[in-house]
Each structure stands twice: as C-alpha cells, then as structure tokens.
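By convention here, the first residue in the shown sequence is residue 1.
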Amino acid sequence: MPSSALAATAVAAVLALTATACGPEEDNAGGTPSASAGQSDGKVTIPDDLKNRLKEHGIDPDKWRDGEWKNWDKDKWLREAKDFVNPIIEDLWDPDRMRDADKPPENPVDNDISGDDGVTDPTPAPVRAAGVATPYNDNAPESGKLLFDGPKGSMVCSATVVKDPANPGKSNMVWTAGHCVHAGKEGGWYRNIAFVPAYNNDGLSLAELETAPKEKIAPYGLWWGQWAQTSEQWIEQGAATGGQGAPYDFAVLHVTPEKGAGGKSLEETVGSALPVEFNAPAVPQIAEMTATGYPAAPPYDGQQMLQCKDKPGRLSVFKEQPTMYRIGCTMTGGSSGGGWVAAGQDGKPALVSNTSIGPVTAGWLAGPRLGKEAEGIYRAVSEKYAGQ
C-alpha cells in the first residue's frame, strides 16, 4: 500500500528509464531519480539513491537493471510497493503479448445499486455497442488501448489522449480510469503500463492479428507511462467490485515513446487530443454522450474499438459522494478507462468522463463526473512537465 504521504498526494513516481540502454544523466524535475551513464561493464550504473529506493520496494537493483524484474513477485509487489516504478522495457509488449492481453481489471457492480433515489434515474435500456469505422485514427484518433501487468497477468483497459495546457499542441497526456493504474485500497500500482494509440487501426480479426506485424497492431508505437496520478479517494476507497471509489475513479498518465517518435509528441503523432471539461452541463442539458473503448470480456475479444451513444442519466452509488453519469451500453470489461465525449460548456466536443463501472451482466456503464479533484490531478501532471 502507498505510504501515508504518497496517499495524501496521490502521486506515483514513474522512472522513464530504458532498462537495456545507457545514456547521459538527465535533469529530472520533481525529484524522480534518473540513471547516470556507466559503460565499464556495458550496463547502466544505478545511483545510490535509486538503489535504496528500489530496495525499499523489495526490488533487487541489479535484477531491475538487467530487466529480470519482469519476473516479479506480483502479490508481494502489489501489496507492499510504495511507488509505481515503471521503467521502459523495450519489446516487452511484443505482438503476441499485446494481442493476448485480455484480462480486464475487475470493477463490476450488481445490476441494481442502492442509493439516493432522488438523483438516480431509471436503469437505461441497453445500447448495442457499434464498431468504429476503420482506420480508427481517422474516426477516433484520441482513443487507444492501455496495457499493463497485474497479479493475474497481462491486463487491458482503454484510454484517451487529452490536451496539455502547459504544452499546447504537443501533449503527452493520457486519461484513463484509476482502477487501470492502481488496485485501490487492497493493492498498489500496476506496472509495465503502456498506451497503444489506435490499437489494431484496421480492425483486423483475432485470427488475422496472429500473423500481423507489430506495426499493424501498434501503428503509432507504444507510449510508456512516465508518471501516473489518480485520486486520493480511489487509493483509499477503491475496490474491485461493488462500486467503492467509483465516483473518483479517474487517472492521468504522462507518457513517452518506447523507441522515439522523431521528436514528436503523442498529440502530434496521432494528430489530435481532446480538451477536458471539468464543468460539464447538467445531465438534463446533455443530449448525447459517446463512450469509446476496447471491450475484452465476452462476447468481445478486446481487439476492436467500439462505441456506445446514449443520452446520459444519473447514478448515485453512495449518497455522500458525487453522482455519476450512466448510459446504456453493452461494452464489457476492457472498455474501462475509455473516454466519454459530449459537448462542453462551449458546445465543442470534450472529454467529460471515463468508463468506471457496469453490471456483471452488461447493459449499462457509469462514469465519474469530473470536478475539482479530477482537475487538480490533471493540472498537477501538466505542470510537472511544463515546457518539456
């Protein structure tokens, strides 16, 4: 579990260090340790402060340096790690591993949630998820798949490229659900998190993907998390089932390309990024919301990008917490973290929520209404990388 100080700030320090490469020491804003060059033995030299930090997490520095730490003790790490250490491990996410990652993190709820009937609207009718027209980058360029490792193996969520107020037109920020980066009150930070924009851009079938090159699966490359931040409420309250922490189930990542992007940012690479609306109109004034994601639980296989469009209703999971948005949708696990788009206060499309929970039997999805807590996380990540 995170230390009390880290839980209070809800910040995860992420080391954007290539485990197999050597390079000059870099200036590291925010105090995140960096690796300095040392090629006498052909390996990265690890500074003493980083060695001590890794040892505190139960990680052998030499094994970490050599890339052997991918064979981690998942249960121990998830329970005891204080920080989210996420070095780039080149080619860890090869085509087979990307394709076969199909375990969504659990976050279902019962079909009917008790709550304040005054702000919970009737359960919406299911809306059948429709495939996004290919190529995906032409129709939903901000959307992609999130890959990561958890106690049960390789796992998947969905995520969205969002604008960075500190770096206009050059954002490297990605929005997803809190439960896609952190296990909540019973666990810690997931690891090996990488974002794949426009995953399977041509919408190939699972059979076709078995022989497809990496460029077909990840046409815009893999982007590893440098920094992850979720809400204090999700870290303290979040649970795999029952909707606990769901009204605060959001997260922001700052990412960096695995093998370089010609100096281009993520936003420049995919050609778009969504603004985030933290003061969306009231539910009765929203005509339609569109949720996008890569559902991986049956009857879906996680390989295609799908969308649901519906007029939102309200869902109160706990009376003392913010009311959530809810729409009819048949998408299943794996769509978690995917962006919800609606017209913002200025009438233009903006990200207003993300998929958080849905019933075990599918049929509807709910997402948090983004307010001051979400805006605080968003601006903190942006300011950390201002001008970079």
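Among residue pairs with one or both ends in residues 233-315, those qualifying as disulfide bond (SG atoms under 2.5 Å apart) are Cys308-Cys329; sequence neighbours excluded. Counting only residues at least two apart or in different chains, disulfide bond (SG atoms under 2.5 Å apart) contacts with residues 189-233 are absent. Counting only residues at least two apart or on different chains, the disulfide bond (SG atoms under 2.5 Å apart) pairs with a member in residues 162-209 are Cys157-Cys180. Under the disulfide bond (SG atoms under 2.5 Å apart) criterion, no residue pair touches residues 212-288, with sequence neighbours excluded. For residues 248-276, the ring-ring contact (aromatic ring centres under 6.0 Å, His included) pairs, not counting sequence neighbours, are His254-Tyr385.
Ionic pairing of Asp310 and Arg326 is not present here: no N-O contact between side-chain nitrogen and carboxylate oxygen is shorter than 4.0 angstrom.
Members clustered with Val127: none, using a 4.5 Å side-chain heavy-atom cutoff among hydrophobic residues.
For Asp202, the salt bridge (charged side-chain N to carboxylate O under 4.0 Å, His left out) partners two or more places apart in sequence, or in a different chain, are Lys216. With sequence neighbours left out, Lys372 forms a salt bridge (charged side-chain N to carboxylate O under 4.0 Å, His left out) with no residue at all. In this structure, Asp301 has no salt bridge (charged side-chain N to carboxylate O under 4.0 Å, His left out) partners at least two apart in sequence or on a different chain. Residues passing the salt bridge (charged side-chain N to carboxylate O under 4.0 Å, His left out) test with Arg369, sequence neighbours excluded: none. In this structure, the side chain to side chain donor-acceptor pair (under 3.5 Å) partners of Asp96, at least two apart in sequence or on a different chain, are Arg99.
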Counting only pairs under 3.5 Å, give me each side-chain donor-acceptor contact of residues 269-278, with atom names and distances, residues two or more places apart or in other chains.
from, atom 1, to, atom 2, distance (Å)
Thr269, OG1, Ser265, O, 2.7
Ser272, OG, Glu142, OE2, 2.6
Glu277, OE1, Gln345, N, 3.0
Glu277, OE2, Asn279, N, 2.9

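Considering all non-hydrogen atoms of both residues, Trp223 and Pro197 come closest at CD1-CD, 3.8 Å.
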